Amino acid sequence: MGSIKLNQIGSYPQELLEINVEELYTLFPEPTLLHLHGKKPEPVFVSVLLHGNESTGFYVIQELLKKYQNSDLPRSISILLANTQAARHRKRSLDGQHDYNRVWPGTIEPKVQEAIVMQEVADEMARRNVFASIDIHNNTGLNPHYACINKLENRFLQLAALFGPTIVYFLSPKGVQSMAFSKFCPAVTLECGKPGNPDGTSHALEYINAVLHIQAISNKPVLSQDIKLFHTVARILVPKDVTFSYTDQSAAILFQRDLYKMNFTEIPADTCFGIVHSNNNARLLALNDSDEELGEKLFYIDKQQIKLRKPMMPAMLTLDEAIIRQDCLCYLMERLPYPETTYTN
Ligand SMILES: [Zn+2]
């Protein structure tokens, strides 16, 4: 992998409005930060393609630029077109690259070149007095659209609730974009369902347009009946030396085929996640926000079945075995009582 450098521009070529995401690298081979001036000066920051195969954000930006092609933006906007090289190959990230959503300030690997580029983006946006930050993603399972936040403060909840009622609060993994920006402005990560789904594009486009029109983000509490707030308890992984499959009977863990339908459904204790086909170390790992391993606390094995100890709600469960290996099997969440305490700055 050659070295990467941040490209900053103040206008864009017309081709950007029509190009396919796979060809975007021909215009912008490097991560590119595009600053466009609007009526209100403090910019909204939008990052897209931190994961190259999650194309919705890019198509949202195309639509947004077309919408304002001949009129003033209500507010300035800065757009990061991130991993165009991975997008070329429809991959989350390329071999040899660090995951672009694990290298933001706060990352466990601050010295790698991707982290140096993202630090530069964060510094530039802090300098520009960024108004709000929106990072757009897709996922592969059957998930509702939802927003994630990394601070339980009213302005963050307000910004998230504008996208929809389902809100997820998390503090791990480290080095994600929204967590870095939460140090200096309200920040959300949007999960817009599967790539290529027009609902995800139109929803995120409406959302960004709404945020561009807001005068100030309210610091009033969100009405509790308007939101469903969850927090992640653990990220569930398969140990590196353990084979798994949804179909191959010879794998050490054979997952339940219909597991993926359980996203954002509270599932009861003793629910079976899969069958263990070996007497070696086949098990699931569960890492909490402090990277403590809670596998034994969340799962038990009974007659070769991996079962859940207590009721939980999964998110991001996927049938895609490459994603399970590269990222995780799922997140397990619990409902967070709201308002249990008053979240204020
Ligand atoms: Zn993503």
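This is a predicted model, so every value here is computed, not measured. Order of appearance sets the numbers: ligands from 1, and atoms from 1 within every ligand. Starting from 1, each residue takes its place in the sequence as its number.
- A perpendicular orientation is assigned to the rings of F181 and W104, their planes being inclined by more than 60° (bins at 30° and 60°).
- Put simply, the side chain of H35 never gets that close to the backbone of I9: no donor and acceptor are under 3.5 Å apart.
- E54 lies close to the Zn ion (ligand 1), since one of its N, O or S atoms is found at a distance under 2.8 Å.
- Between N138 and H51, the side chains place no donor N or O within less than 3.5 Å of an acceptor N or O (distance only, hydrogens not considered).
- Nearest N/O/S atom of H137 relative to the Zn ion (ligand 1): this is ND1.
- At a cut-off of 3.5 Å, with distance as the only test, no side-chain donor of Q158 or N154 sits close to an acceptor on the other residue.
- Among the heteroatoms counted here (N, O or S) of H51, ND1 is the one nearest to the Zn ion (ligand 1).
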